[in-house]
**Q** 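One structure, as structure tokens, below. Some questions next.
Since this is a predicted model, take the numbers as computed values, not measurements.
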Amino acid sequence: MNRIVLAFRCFFNILFQGTLSPGVLTALHLPRRDAASAKQAFAPAPAAPTAKPSDGALQILGILQRDSRLVDFLMEDIASYSDDQVGAAVRELHDQCRDSLARYVGLQPVIDGVEGAFTKVPSTDPNVVKFVGNVPAKPPSGGTLRHKGWRAAKVDLPALAAKQDAAIIAPAEIEIE
């Protein structure tokens, strides 16, 4: 009979007080906790970091830095180098960047045509085709193709680690001797 009475006491303690009374805790042989530890025990888990729109751009920049040192090259003052030195550096940088980009992003031309030839406009969407030159008020049906444009057919970036900060393009390197 004591168990039934104890069960009712527990029920009404929780219902009206939100916690078990000290007498009920003693009857159940449970240790009493202070309010701070109770809040910690029932605190919700921190929310997982949400991906920001800039994370993918920063991630691809980090990949280009890792594979070809693109950011290092762009941040370097190249005024003191000769054209031959810059050209030699750019040739290798170009190959490394192209390989890295092809590994993670599949690029296709927006218009697959010959630059310099007359081309029909496939879409009037301003995101797809940009008219340049002497453009009339009403968009024309075609013109000379000056640039094919690029579209991402696929993007296959590796997942960021849970605690990885996408804003870190490349970590600092410290050599230990």
Side-chain angles (χ1 to χ4, degrees), residues 1-78 89-90 92-112 122-130 148-177:
M1 196 66 170
N2 282 342
R3 289 184 182 171
I4 294 173
V5 172
L6 187 58
F8 277 108
R9 285 178 63 193
C10 290
F11 174 75
F12 287 111
N13 274 186
I14 297 293
L15 182 65
F16 294 115
Q17 297 173 3
T19 60
L20 296 175
S21 67
V24 172
L25 288 173
T26 304
L28 291 171
H29 305 292
L30 295 174
R32 185 174 178 185
R33 292 192 306 196
D34 60 340
S37 63
K39 285 183 182 177
Q40 283 180 337
F42 296 108
T50 58
K52 297 176 285 213
S54 62
D55 287 354
L58 294 173
Q59 188 178 9
I60 196 72
L61 189 59
I63 288 169
L64 292 173
Q65 170 63 18
R66 179 194 68 206
D67 294 350
S68 62
R69 299 285 194 178
L70 176 67
V71 176
D72 291 344
F73 177 77
L74 295 174
M75 298 307 292
E76 178 87 20
D77 180 14
I78 60 171
V90 169
E92 184 178 355
L93 179 74
H94 174 267
D95 291 340
Q96 292 169 343
C97 285
R98 185 185 58 229
D99 292 345
S100 295
L101 196 58
R103 189 176 316 125
Y104 297 106
V105 181
L107 294 173
Q108 294 178 339
V110 173
I111 297 176
D112 197 11
S123 172
T124 57
D125 182 358
N127 293 318
V128 175
V129 174
K130 175 181 156 185
K148 295 178 182 184
W150 294 106
R151 107 176 46 234
K154 77 167 182 73
V155 177
D156 191 23
L157 293 173
L160 287 173
K163 294 186 178 186
Q164 184 176 350
D165 183 0
I168 303 297
I169 304 302
E173 296 176 3
I174 299 175
E175 183 177 352
I176 308 299
E177 293 183 24

**Q** For the residue pair R9 and G23, what are the closest heavy atoms and their distance?
**A** NH2-C, 3.9 Å
**Q** Where do K148 and P109 come nearest, in terms of heavy atoms and distance?
**A** CB-CB, 3.9 Å
**Q** For residues 166-177, pull every pair meeting salt bridge (charged side-chain N to carboxylate O under 4.0 Å, His left out), keeping only residues two or more places apart or in separate chains.
**A** R69-E173
**Q** If the condition is salt bridge (charged side-chain N to carboxylate O under 4.0 Å, His left out), which residues does R103 pass it with, not counting sequence neighbours?
**A** D67
**Q** If I compare all heavy atoms of A167 with all of L58, which pair ends up nearest, and what's the gap?
**A** CA-CD1, 3.9 Å
**Q** Between C97 and L101, is there a side-chain heavy-atom distance shorter than 4.5 Å?
**A** no
**Q** How about Q164: does its CD atom have over 12 heavy atoms from other parts shown lying under 6.0 Å from it?
**A** yes
**Q** Taking Y104 as the fixed residue, which of L64, D156, I60 is the one that meets the side-chain contact (heavy atoms from CB on, under 4.5 Å) rule?
**A** I60
**Q** Of D72, L70, V71, which meets side-chain contact (heavy atoms from CB on, under 4.5 Å) against S68?
**A** L70
**Q** Shortest non-hydrogen contact from A170 to Q65?
**A** CB-CG, 3.6 Å
**Q** Verify, without hydrogens or angle tests, whether Q59 (side chain) and P158 (backbone) share a donor-acceptor contact under 3.5 angstrom.
**A** yes
**Q** Checking D165 now: which residues fulfil salt bridge (charged side-chain N to carboxylate O under 4.0 Å, His left out) with it, not counting sequence neighbours?
**A** none
**Q** Could you check whether any side-chain heavy atom of D95 comes within less than 4.5 Å of a side-chain heavy atom of E92, counting everything from C-beta outward?
**A** no
**Q** Which pair of non-hydrogen atoms, one from L93 and one from F73, has the smallest distance, and what is that distance?
**A** CD2-CD2, 3.4 Å
**Q** Do you know the tightest heavy-atom contact between A152 and V105?
**A** CB-CG1, 4.1 Å
